[in-house]
Peer 1: 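Below is a structure I'd like to ask you about.
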Amino acid sequence: MLNAAQERAVAYLQGPCLVIAGAGSGKTRVITHKIARLLRAGYAPGEIAAITFTNKAAAEMRERARDLLEQRQTAQQLLICTFHALGVRILREDGQALGLKPQFSILDSDDVTGLLREAGGTTEIKQARAWQWRISQWKSALLDPRQAAAGAADAEAAQAARVWERYQQALAAYQAVDFDDLMVLPLRLLQQHDEVRQRWNRRLRYILVDEYQDTSDAQYQLLRLLAGDDARFTAVGDDDQSIYGWRGATLENLRRLPEDYPNLEVIKLEQNYRSTNAILRAANAVIASNPKIYPKRLWSEHGDGEPVQVRDTDGEEDEAECIVSRLQALRGGRGCKWSEVAVLYRANHQSRPIEQALRRANIPYVVSGGQSFFDRTEIKDVCAYLRLLANPDDDPAFLRAVTTPRRGIGAATLKALGGFAAQWKVSMFEALFRDALPGVVGARQAEGLREFARLLHDIEWRERSEAAGDLLRELLQGIGYESWLGDNSDNPREAAQRWSHVNDLCDWIGRKATEDGVGLKRIAQTVALITQLGERGQQQDAVTLSTLHAAKGLEWPHVWLAGCDEGMLPLYSDERPLSDSGLEEERRLMYVGVTRARQTLSLSHCRRRRGGGGRGGRACEPSRFLTELRADLPAAGGRSEALARLQAMRKRLSAVETQES
DNA sequence: TTTGCGGTCCTTTTT
DNA sequence: GGACCGCAAA
């Protein structure tokens, strides 16, 4: 059943539509029901696109659509994907018009840092990251290197613009794109090539965008072009949940939508189906000080529920112990499942003390949003081979593959090979097949390179006829990867763990290739955008640890929001002071965290926290958000007793810890 | 010329 | 706890 506002949002098909969806107001429901309504109105499944920002959101949307639609096949034909995946699709099909081969590689953030170090001629990763950040901002704002250079405020910016120019040339040479290009290049393509744009307009007749408040300039422009002149789209968003300003998202896109589309229908969803009123009051108290674009008031039919709890703790370890005892109370006291609880925090590194405490207490947990599966070195190693196989122009992939495992090829040889390749105007991998190669590198090195080339060539030769999973295993066998892992891990357990990750990847690739009926090369092209493998390996019943960013869109019955300290949430430091707009975004982040909770919410503050130079850490004030929210809470009771219990427990635990280490 | 080892930094958020 | 750099040995 849909409520009145939801029904209006679903039924409105005549023109552009903006749905302001408060937290927990059922926006995914609106989107999936609208898809069903569009199908009933005569749209073909392939003509409907639903665009999200994360793979997780796309996966959930797909699942919900499948549940709702009777025809499984219909659900499969829907285009439900992330903005970036859509960009990849457009570029794979039509990128030739921009000089991009269909097998182009997608570089991840680390690859980009490495490339910028080269392009900028520095070994300093800090410098490279600074350039990376600037270039990404420029790209999101749709500038080109010339405009960036012209508008550079200082020498630093001017230098970044020059580096960008060289970096972009390198990308072109490697037939590679970065994440920002996945938005910028499709946009340029549609702007410059009318026939391509018209084709996509005919193909995608209705577009739904989730989390619209997170769109960047580039994404907004792309959306406008895809929606075409008759503007058949529904944007769903919430100005209070915009938390991606740092990667180019701008609330301006939400503000300007009624101006750009005067016939825009705006519908607000204000009934919350998720949380108790105690939690909603806390959420409202936090967000109240922010300016509003579309004012709304969340309400819920759920009762008041339990009061929100605030805990002051001595430090991160103490905080972690408090969390553990709370989790145990939830489990023991009310028979909660571990999976009904989440611990949220601002920055990834905050998970560490919490993980340690959970391990000691034997509480199962999963960390979401931290280091993703595909960030692991062993996975990146294997992916380098896959990328090289798919795209021989990908020099960064070649460099990683050819040096992992070590095969007697070092820096000097690679430098010579690079020069040789440049001279012939081919990629480094292709240079291996040139007859003149032995003249440029040492005899032993030449033999090593040749063998490497033969191996990959052989795999490629059989790529069409043999199953992807088997072929990949054979490749790993050929390079002796398992024993290399053994030699390069600190202990056998770690080696086994890493090898099992590699096996998971092989399984996944084998399965995916069979499902889609394609070979290894084709799979390799899709791997770059995937950040997590499917259900496999997932813990059955475990507490979730997550950053606030990664928690967006999710919900749990019980939520603990850790580290509510000035400087941590809102996050700032002497080097990175907080601007007005920065504070507003931090506030929205807090709001997102609070609104993840269904039944109970606990917030904690550390009086001391590591870092800041001095031994023993530095003192922390409670977050100003806590102060705002606390005004609304009854005074805490029974505190001293709980404290005594905790301290006794901590003593026991530290004794155990000493034994362990 | 290549490789492995140990000391030294640093830690925002994601596709 | 991790990534990176410089150094010393094969």
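Since the model is a prediction, treat every value here as computed from it, not as a measurement. Just so it is clear: chains get the letters A, B, ... in the order the sequence lines come, proteins before strands, and each one is counted from 1.
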Peer 1: Tell me which of A:L589 and A:I409 sits closer to the 5' end of DNA chain B, going by the nucleotide each one is nearest to.
Peer 2: A:I409
Peer 1: Who are the ring pair (Phe, Tyr, Trp, His ring centres under 6.0 Å) partners of A:Y220, not counting sequence neighbours?
Peer 2: none
Peer 1: Starting at CG of A:L344 and ending at P of B:dT13, how long is that distance when rounded to a whole Å?
Peer 2: 14 Å
Peer 1: Ignoring the backbone of A:A412, work out which of B:dT12, B:dT1, B:dT15 is nearest its side chain.
Peer 2: B:dT1
Peer 1: Evaluate the ring-ring contact (aromatic ring centres under 6.0 Å, His included) criterion for residues A:W131 and A:W164: first the C-alpha distance (whole Å), next the side-chain angles of each, then the deciding distance (0.1 Å), finally the verdict.
Peer 2: CA-CA 8 Å; A:W131 287 330; A:W164 181 12; over 10 Å; no
Peer 1: Please write out each protein N/O paired with an N/O of nucleotides 5-10 of chain C under 3.5 Å, distance rounded to 0.1 Å.
Peer 2:
{"unit_1": "C:dC5", "atom_1": "OP1", "unit_2": "A:R117", "atom_2": "NH1", "d": "2.4"}
{"unit_1": "C:dC5", "atom_1": "OP1", "unit_2": "A:T123", "atom_2": "O", "d": "3.0"}

Peer 1: Tell me every residue that passes ring pair (Phe, Tyr, Trp, His ring centres under 6.0 Å) with A:F233, counting only those two or more places apart in sequence or in another chain.
Peer 2: A:Y261
Peer 1: Which nucleotide wins on minimum distance to the side chain of A:R247, given the candidates B:dT14, B:dT11, B:dT2?
Peer 2: B:dT14
Peer 1: So, for A:F53 and A:H84, is the gap between ring centers shorter than 6.0 Å?
Peer 2: no
Peer 1: Select one nucleotide: of B:dT1, B:dT14, B:dT15, the one nearest the side-chain heavy atoms of A:T82.
Peer 2: B:dT15
Peer 1: Contacts to DNA chain B from residues 399-408 of chain A, heavy-atom cutoff under 4.0 Å, which residues?
Peer 2: A:R406, A:R407, A:G408
Peer 1: Scan side-chain atoms only and decide if A:D210 and A:T52 contain a donor-acceptor pair under the 3.5 Å cut-off.
Peer 2: no
Peer 1: Side chains of A:D565 and A:S623 only: does a donor on one sit below 3.5 Å from an acceptor on the other?
Peer 2: no
Peer 1: Using 0.5 Å steps for rounding, measure from the CG atom of A:L223 to the CZ atom of A:F83.
Peer 2: 5.5 Å
Peer 1: Taking CG from A:D180 and P from B:dT14, how many angstroms apart are they, rounded to a whole number?
Peer 2: 16 Å
Peer 1: What's the CD-P distance between A:Q241 and B:dT14, to the nearest Å?
Peer 2: 16 Å
Peer 1: Going by the rule side chain to side chain donor-acceptor pair (under 3.5 Å), which residues pair with A:E156 if we only count those two or more places apart in sequence or in a different chain?
Peer 2: none
Peer 1: For a quick test of reading the model: is some side-chain N or O of A:N55 closer than 4.0 Å to OP1 or OP2 of B:dT14?
Peer 2: no
Peer 1: When the P atoms of B:dT13 and C:dC4 are considered, how many whole Å apart are they?
Peer 2: 16 Å
Peer 1: Any donor-acceptor pair under 3.5 Å between the side chain of A:H84 and the base of B:dT15?
Peer 2: yes
Peer 1: Indicate, with a heavy-atom threshold strictly under 4.0 Å, whether A:F83 touches base, sugar-phosphate, or nothing.
Peer 2: nothing
Peer 1: Any idea which of B:dT12, B:dT15, B:dT13 is nearest the A:L571 side chain?
Peer 2: B:dT12
Peer 1: If only side-chain N and O atoms of A:T547 are considered, is one of them under 4.0 Å from the OP1 or OP2 phosphate oxygen of B:dT14?
Peer 2: yes
Peer 1: Starting at atom CG of A:D110, determine the distance to atom P of C:dA3, rounded to an integer number of angstrom.
Peer 2: 9 Å
Peer 1: Rounded off to whole Å, could you give me the CG-to-C1' distance for the A:D178 and B:dT14 pair?
Peer 2: 14 Å
Peer 1: Identify, with sequence neighbours excluded, every residue that meets side-chain contact (heavy atoms from CB on, under 4.5 Å) alongside A:Q137.
Peer 2: A:W133
Peer 1: Quickly work out the A:E316 CD to B:dT11 P distance and round it to whole Å.
Peer 2: 16 Å
Peer 1: What is the distance from NZ of A:K552 to P of B:dT14, rounded to the nearest Å?
Peer 2: 12 Å
Peer 1: Check the phosphate of B:dT14 against A:S109, side-chain N and O only, distance under 4.0 Å to OP1 or OP2. Yes or no?
Peer 2: no
Peer 1: Distance check: side-chain N/O of A:N348 vs OP1/OP2 of B:dT12, anything under 4.0 Å?
Peer 2: no
Peer 1: May I ask you to say what A:A411 touches in the nucleic acid, namely base, sugar-phosphate or nothing, with a heavy-atom cut-off under 4.0 Å?
Peer 2: sugar-phosphate
Peer 1: Check the angle between the aromatic planes of A:H549 and A:W246 and answer parallel, tilted or perpendicular using the 30° and 60° thresholds.
Peer 2: perpendicular
